[in-house]
2 protein chains.
Amino acid sequence: MTQANNEDAVEHILEQWHKERPDLDVFAMGVLGRMKRCTLLLEKRLDAVFADFGMNAWEFDVMATLRRCGAPYCLSPTALFSSLMITSGTLTHRLRVLEEKGWIVRVDSPQDARSTLVRLSDDGFRRIDAAVTAHVANEQSLLQGLSAYKQQGLNQRLAELLASLEGENRKD
Amino acid sequence: MTQANNEDAVEHILEQWHKERPDLDVFAMGVLGRMKRCTLLLEKRLDAVFADFGMNAWEFDVMATLRRCGAPYCLSPTALFSSLMITSGTLTHRLRVLEEKGWIVRVDSPQDARSTLVRLSDDGFRRIDAAVTAHVANEQSLLQGLSAYKQQGLNQRLAELLASLEGENRKD
DNA sequence: CATATTTGTCTTGAATTCAAGGTTTATTTG
DNA sequence: CAAATAAACCTTGAATTCAAGACAAATATG
């Protein structure tokens with residue numbers, strides 16, 4: 001209360017734990033807590049830009065995956081849900097919505113009669129191309145609170161952490 | 001393809017974008033992408049420990065909030081959903097489940113007849129105390145991929161980013 | 001070739017969450 | 001004090017997701 005107070009919301013939680021459970025070392029809890037809360041706040045800010053283009057985050061994700069795979073902007077449902085790390089049932093729902101909006105079209109696969117490929121429509125292409133431009137600018141502005149040097153430091157640490165987490169995760 | 005390959009899953013996405021949209025600077029996209037994926041992987045690993053104590057992440061969150069506020073481990077529903085950053089309706093559901101499990105009890109508020117306070121039961125207290133001990137150890141082990149020095153660097157950068165994001169967010 | 005297995009996709013039902021609005025009790029105002 | 005407003009909590013309906021499994025087509029095996 002009388003201390004200097006450059007605290008974020010997580011700091012208060014750590015102090016509560018320290019008072020109640022002084023036996024615990026809560027440093028790691030602080031790191032993960034801050035990362036989670038950053039992710040949450042960042043998602044909200046990203047959503048705002050997606051909304052400017054009439055889409056939500058998952059619509060952006062599907063369209064962006066099709067866009068960045070290159071011409072003819074066409075993938076199988078299996079490739080899509082694997083890349084997006086969602087279940088096949090979830091993708092089925094997403095594709096239905098995007099098809100109704102006219103942003104994707106479905107094409108019968110020439111190689112496999114079980115499969116219908118998914119392709120960006122012309123409208124979908126234009127829309128995701130505009131959205132991703134604004135999205136990237138938005139992401140840059142969200143990191144403006146850190147100097148370019150600190151942004152690189154953060155990126156480096158996150159890359160190392162991600163590599164270590166993905167490395168141990170081979171059994172999944 | 002012929003380059004050295006210390007890539008995480010995000011690096012591949014950045015390369016695709018660079019090929020398709022060389023006009024975009026995707027550095028910031030990499031930072032946010034890595035943070036989001038770390039958060040996702042970390043959540044999975046945390047869930048595994050929660051499951052050892054018969055709970056899931058949101059059950060842990062509610063119980064932990066009650067535990068760390070100190071004796072008598074009792075808060076109003078409004079204090080709880082505010083602290084947990086969830087809606088009142090979501091809290092209603094969570095409390096119903098936790099009450100059925102016998103981990104919380106509801107007490108009429110002496111000051112306000114509209115309100116019934118929520119308190120950890122004895123069983124709930126024992127359970128969350130054991131769970132949080134294991135949880136903190138788990139969090140420490142998840143950061144083992146980074147040296148203590150790098151963990152502190154990551155924490156510092158995340159704290160700065162969080163502060164900048166919370167600072168601008170005052171309108172929410 | 002016939003059967004068995006694998007692969008690709010979709011359907012169903014349950015869980016979780018939120019937004020919007022309802023009800024009850026407390027507080028403020030005239 | 002009566003009426004209006006605010007606060008605390010709950011209910012409802014819709015959205016999103018997953019896990020499990022159904023089904024059809026492709027591939028492998030004997």
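In this text the structure is predicted, and so the values were computed from the model without any measurement. Protein chains get the first letters and strands the later ones, always in sequence-line order, with residue 1 at the start of each.
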* Hydrophobic cluster (4.5 angstrom, side-chain heavy atoms) - remaining members for A:Leu40 ->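 Members besides A:Leu40, by chain and number: B:Met85.
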* Connected-component partners of B:Leu117 among ILVMFWY, side-chain separation under 4.5 Å ->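 For B:Leu117, no cluster forms, as it stays isolated from other hydrophobic side chains.
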Quick test of your reading: applying salt bridge (Lys or Arg N to Asp or Glu O under 4.0 Å), list the pairs with at least one residue in [range], sequence neighbours left out, ordered by first then second residue.
{"range": "residues 66-88 of chain B", "value": "A:Glu20-B:Arg67, B:Arg67-B:Asp129"}
{"range": "residues 76-86 of chain A", "value": "none"}
{"range": "residues 95-107 of chain B", "value": "B:Glu59-B:Lys101"}

* Asked: Does a side-chain N or O from A:Asn56 land closer than 4.0 Å to OP1 or OP2 of D:dA15, or not?
  ->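 A:Asn56 to D:dA15 OP1/OP2: no side-chain N or O under 4.0 Å.
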* Asked: If you look only at pairs with a residue in residues 78-120 of chain B, which of them pass as a ring-ring contact (aromatic ring centres under 6.0 Å, His included), with sequence neighbours excluded?
  ->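 Every pair satisfying ring-ring contact (aromatic ring centres under 6.0 Å, His included) with a residue in residues 78-120 of chain B: B:Trp58-B:His93.
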* To do: With sequence neighbours left out, write down each residue that passes side chain to side chain contact (heavy atoms under 4.5 Å, CB included) with B:Asp122, or none if nothing qualifies.
  =>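 B:Asp122 satisfies side chain to side chain contact (heavy atoms under 4.5 Å, CB included) with B:Arg126 once adjacent residues are dropped.
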* Contacts of type side chain to side chain contact (heavy atoms under 4.5 Å, CB included), residue A:Gln140, not counting sequence neighbours ->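 A:Val136, B:Asp25, B:Ala28.
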Dump every N/O contact between nucleotides 27-29 of chain C and the protein below 3.5 Å, one line per pair.
none

* DNA chain D contacts made by residues 84-102 of chain B, counting heavy atoms under 4.0 Å ->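 Residues of residues 84-102 of chain B under 4.0 Å from DNA chain D: B:Ser88, B:Gly89, B:Thr92, B:Arg96.
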* Near-strand residues of residues 57-70 of chain A, defined as heavy-atom separation under 4.0 angstrom from DNA chain D ->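 Those residues whose heavy atoms fall under 4.0 Å from DNA chain D, taken from residues 57-70 of chain A in numerical order, are A:Trp58.
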* **Side chain of A:Asp112 - closest among C:dA26, D:dC10, C:dG8** =>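 Nearest nucleotide to the side chain: C:dG8.
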* To do: Sequence neighbours left out, what passes ring pair (Phe, Tyr, Trp, His ring centres under 6.0 Å) with B:Phe50? Give chain and number order.
  =>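 Ring pair (Phe, Tyr, Trp, His ring centres under 6.0 Å) check on B:Phe50 returns B:Phe60, B:His135.
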